[in-house]
Amino acid sequence: ISLWRDYPRLVLGMSLKLYYLSQTAFWVQQIFVINVEERRKDHWQMFTHHIVTIFLLAFSYGHRQMRAGNAILVLRFEFFADVNHSSPRY
């Protein structure tokens, strides 16, 4: 799949709009969760990570780069899934 095929006339399917909305909602609520739960030593790194993720979602949606945004989300998820399985828990 080409990331920029048919740009700028991209037609978003309902499933991709729902995916973006649910991902954005998840990361927004994570900002509240990280501030409610007990502070960890990586609090500010995770807070920054959540802000950057929301920015990337909003920016890619606003500039009609949803395919690139989806690629970033998939790569980010795979990277953090690998890191979380290889690092010790708190």
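- Every residue meeting the side-chain contact (heavy atoms from CB on, under 4.5 Å) condition with Leu57, not counting sequence neighbours, appears here in chain and number order: Tyr20, Gln23, Thr24, Trp27, Thr53, Leu73.
- Under the 4.5 Å side-chain heavy-atom criterion for ILVMFWY residues, no single connected hydrophobic cluster contains both Met14 and Met66.
- With a 4.5 Å cut-off on side-chain heavy atoms, Gln45 and His49 do not count as touching.
- Scored by the side-chain contact (heavy atoms from CB on, under 4.5 Å) test, Phe26 finds Gln29, Gln30 as partners (sequence neighbours excluded).
- When the side-chain contact (heavy atoms from CB on, under 4.5 Å) test is applied to Phe47, the partners found at least two apart in sequence or on another chain are Ile31, Ile34, Asn35, Trp44, Ile51.
- Counting side-chain heavy-atom gaps under 4.5 Å among Ile, Leu, Val, Met, Phe, Trp and Tyr, Leu18 is found in no cluster with other residues.
- For OH of Tyr61, the number of neighbouring non-hydrogen atoms (other residues, nucleotides, ligands) closer than 6.0 Å is 12 at most.
- The shortest heavy-atom contact between Ser60 and Gly69 is OG-CA, 3.8 Å.
- Through direct or relayed side-chain contacts under 4.5 Å between Ile, Leu, Val, Met, Phe, Trp and Tyr, Phe59 connects to Phe55.
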